[in-house]
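Report on one structure; see the data block that follows.
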Amino acid sequence: MPHFPGNRPPSPRRSARLRAALSAAATTLLLGAAVPPTETARGIGDRLFPELGNPGYDVVSYDIRFAYHGNDKPLDAVTTIEAEATEDLEHVNLDFSGGTVRSVVVNGLPAEFTPVKEDLVVTPAFDLPAEGHFTVTVRHTSNPRGTDGGWVPTKDGLVMANQADAAHRIFPGNDHPADKARFTFHVTVPKDLTVVANGLPEGRVAWGGNTTWTYRSLHPMATELAQVSIGHSAVPRRTGPRGLPVRDVVPAGDRERLEKWVARTPDHLAWMERRVGPYPFETYGVLMADASTGFELETQTLSLFERDLFVRTDIPAWYLESIMVHELSHQWFGDSVSPRTWSDLWLNEAHATWYEALYAEEKGKKPLDLRMRFAYEHSDAWRADGGPPAAPKASAPGKKTSIFRPNVYDGGAVVLYALRQRIGAAAFERLEREWVAGHRDSTAGTADFIALASQVSGQDLRPFLRPWLYGATTPPMPGHPDWKPAPKPA
């Protein structure tokens, strides 16, 4: 955990503040009231993660340096944050709980810092004015064997899995998808290892027995979508639609064995582009990690998969490809257009499930109507367990990823099916294209989706969509009066 260097004398500015605080405390004690702490954990008030994110500023960019020493030792790290203040700031709160903080500098001057819950509260030498640009540089360590997300050890290195709130276990920042920023990674590793990260490579420098690899993203990114892969990796390259550079990351010893799967990515990209428009980023690829995660993850420009899925012989090819399309479709729905709050998660997962199901129908002869009928029949039970699609219940204690329940996957996809039934296929396809084009590189919420659907269809869809998205029970399915929700099991 971060620590405050207790032996350092307070700065003159801090001493004055301390004297004022002591004076106020004495007065308050005389009045018999408690004194609220000066430094507190803050959040932006997300319904599902109230203390995630931080008010008062918008991050413009992250520049993060890691030095890797093996999976059994903390990484040395330097995180530099460029930001714009949106209010006067006496303190700058950063989400961080995954290492030891060694020093903090704000605008070139040493700053004080202290951990509060999962925040690192930074006190600059001078207050930061609203609408002003500022820079925070944090020297820290990063724990490669954290719990509850963050770094994931592989057999020969590390990868990241930060969804939903685990990026701050790796580096300090504003760990909420509402605040997207550009990223640059500089990663130093022993010379026999390969590093791949979000975005495009900007070169590597060999020195002594090490190599420093640099990657830069050209588009803003949510912290939960950051990815750095370290390992004995092969990086096959190919070209996607319109000359898009495609690079994949696989264990070096499995390159030939996995080639038949990664070679499908350009066709998957073309398939998605025919349905929703141009791919929104500068590169794409799949990262097949030799690790057991229990999930696949849409990290931006480099989707994370478990390698073992693709060496098994008991999984149909159409099914594996549909999962690859699921994560690819997130590059549009969730990455380029990110959720404004975590309650808008259904916009990510419902759309990814929708295109996964369409691909399975086309390539695996698995009818979409059958899957949607199954989802409809189970939707009431899913709502009872996890909440309506657009108002999911909070995660279970100690299981923060439990917000990823069926109610936002197939339960959300059946809402899209109902919408298509209501407005017709042509209007629905136009809505999908306008959604990803109009909100590209930004954030959007459920109200935005309802508004655009109403605009595209030429009808006020609020009375129709709100019960589907927020109701405790599932409304009748347009065009399918015979579909009935299944009774809830005893």
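Excluded from the calculations below are hydrogen atoms, water molecules and symmetry mates; all remaining heavy atoms, backbone and side chain alike, are included. Note that the coordinates shown come from a computational prediction; the quantities given were computed from them, not determined experimentally.
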- Near-ring test Y68/W151, centroid separation under 6.0 angstrom: no
- Do other residues, nucleotides or ligands put more than 12 heavy atoms under 6.0 Å from R139 CZ? no
- Derivation and outcome, side chain to side chain donor-acceptor pair (under 3.5 Å), residues T188 and N210: CA-CA 7 Å; T188 300; N210 298 311; over 6 Å; no
- Any chance you could measure N93, atom CG, to D119, atom CG, to the nearest 0.5 Å? 4.5 Å
- Side chain to side chain, N143 and R169, heavy atoms closer than 4.5 Å: no
- Task: Might you point out which heavy atoms bring L304 and A161 nearest each other, and give the distance in Å?
- Result: CD2-CB, 4.3 Å
- Task: May I have the step-by-step check of side-chain contact (heavy atoms from CB on, under 4.5 Å) for I423 and L461, ending in yes or no?
- Result: CA-CA 9 Å; I423 67 177; L461 290 171; 3.9 Å; yes
- Item | T446: partners by side-chain hydrogen bond (donor to acceptor under 3.5 Å, both in side chains), with sequence neighbours left out | D344, W346
- Note on the structure: Value for OG1 (T443) from CG (D448), rounded to nearest 0.5 Å, stands at 8.0 Å
- Which residue pairs pass the salt bridge (charged side-chain N to carboxylate O under 4.0 Å, His left out) test when at least one of the two sits in residues 314-324, sequence neighbours left out? R264-E321, R312-D314
- Query: Taking side chain as C-beta onward, heavy atoms only, is H140 less than 4.5 Å from T79?
  - Reply: yes
- Query: Going by the angle between their ring planes, with limits at 30° and 60°, are F66 and F185 parallel, tilted or perpendicular?
  - Reply: parallel
- Query: Looking only at heavy atoms, which two atoms of A291 and T154 are closest? And how far apart?
  - Reply: CB-CG2, 3.9 Å
- Query: L158 and L75: side-chain contact (heavy atoms from CB on, under 4.5 Å), yes or no, with the steps?
  - Reply: CA-CA 11 Å; L158 296 172; L75 290 81; 3.9 Å; yes
- Under 3.5 Å: donor-acceptor pair, side chain of E282, backbone of L218: yes
- Item | Stepwise side chain to side chain donor-acceptor pair (under 3.5 Å) check, E349 with H330 | CA-CA 8 Å; E349 298 302 345; H330 272 308; 3.1 Å; yes
- D46/H176 under side chain to side chain donor-acceptor pair (under 3.5 Å): CA gap, chis, key distance, verdict: CA-CA 9 Å; D46 189 286; H176 192 280; 2.7 Å; yes
- Item | Results of ring pair (Phe, Tyr, Trp, His ring centres under 6.0 Å) for Y470 - residues two or more places apart only | none
- Under a 4.0 Å N-O cut-off, is there an ion pair linking D76 with R102? yes
- With the side chain counted from C-beta on, respond yes when W271 and L328 share a heavy-atom pair under 4.5 Å apart, and no when they do not. no
- Query: Taking all atoms of both residues into account, what is the closest heavy-atom pair of T301 and Y279, and its distance?
  - Reply: CA-OH, 3.8 Å
- Tell me, which pairs form a salt bridge (charged side-chain N to carboxylate O under 4.0 Å, His left out) where one or both residues lie in residues 215-238, sequence neighbours left out? E202-R216, R238-D248, R238-E259
- Item | With T474 via side-chain contact (heavy atoms from CB on, under 4.5 Å) - residues at least two apart | Y376, S379, D380, R383, W468
- Item | Side-chain donor/acceptor of K393 to backbone N/O of A384, under 3.5 Å | yes
- Item | Heavy-atom check, side chain of R242 versus side chain of P278, under 4.5 Å | yes
- Query: Name the one of F449, Y417, W332, F428 that satisfies ring-ring contact (aromatic ring centres under 6.0 Å, His included) with H351?
  - Reply: F449
- Taking every non-hydrogen atom, the tightest pair across N162 and A226: ND2-O, 3.5 Å
- Message: What I'd like to find out is whether the side chain of P236 reaches to under 4.5 Å of the side chain of R255, using heavy atoms alone.
- Response: yes
- Message: Nearest 0.5 angstrom please: H439 NE2 to D441 CG, how far?
- Response: 12.5 Å
- Results of side-chain contact (heavy atoms from CB on, under 4.5 Å) for T135 - residues two or more places apart only: T80, E82, N107, H133, T137
- For K366, look at atom NZ and say whether over 12 heavy atoms of other residues, nucleotides or ligands are found less than 6.0 Å away. no
- Determine the minimum heavy-atom distance between A197 and V228, stating which atoms define it. CB-CG2, 4.0 Å
- Query: Do E377 and P485 come close enough that some side-chain heavy atom pair is under 4.5 Å?
  - Reply: no
- Passes side-chain contact (heavy atoms from CB on, under 4.5 Å), N174 versus T223? Steps please. CA-CA 8 Å; N174 208 12; T223 50; 5.9 Å; no
- Partner residues of H268 under the ring pair (Phe, Tyr, Trp, His ring centres under 6.0 Å) criterion, sequence neighbours left out: Y359
- H326 side chain near T353 side chain, heavy-atom distance below 4.5 Å: yes
- What residues form a side-chain contact (heavy atoms from CB on, under 4.5 Å) with N407, not counting sequence neighbours? W382, P392, R405
- Message: Using side-chain contact (heavy atoms from CB on, under 4.5 Å), reason through V101 and L120 one step at a time and then give a plain yes or no.
- Response: CA-CA 9 Å; V101 177; L120 177 68; 3.9 Å; yes
- Rounded distance (nearest 0.5 Å) linking atom CG of D369 with atom CE of M372: 9.0 Å
- Item | Sequence neighbours excluded - salt bridge (charged side-chain N to carboxylate O under 4.0 Å, His left out) pairs with any residue from residues 296-308 | D254-R307
- Message: Once rounded to the nearest 0.5 Å, what's the spacing between atom CD of E356 and atom OH of Y319?
- Response: 6.5 Å
- Residues two or more places apart in sequence or in another chain: which of them pass ring pair (Phe, Tyr, Trp, His ring centres under 6.0 Å) with H168? none
- Query: For R275, does the CZ atom sit with more than 12 other heavy atoms under 6.0 Å from it, leaving out its own atoms?
  - Reply: yes
- Apply side chain to side chain donor-acceptor pair (under 3.5 Å) to S303 and E327, showing your working. CA-CA 6 Å; S303 294; E327 302 307 333; 5.3 Å; no
- Would you indicate whether the side-chain heavy atoms of L258 and V311 approach each other to under 4.5 Å? yes
- Item | Partners meeting ring pair (Phe, Tyr, Trp, His ring centres under 6.0 Å) with F305 (sequence neighbours left out) | F310
- S97 backbone acceptor or donor facing K117 side chain under 3.5 Å: no
- Query: Which atom names give the shortest non-hydrogen contact between P389 and G411, and what distance separates them?
  - Reply: CG-O, 3.8 Å
- Query: Which residue pairs pass the ring pair (Phe, Tyr, Trp, His ring centres under 6.0 Å) test when at least one of the two sits in residues 205-227, sequence neighbours left out?
  - Reply: H219-F281
- Task: Please work out whether the ring planes of F333 and Y355 are parallel, tilted or perpendicular, with thresholds of 30° and 60°.
- Result: parallel
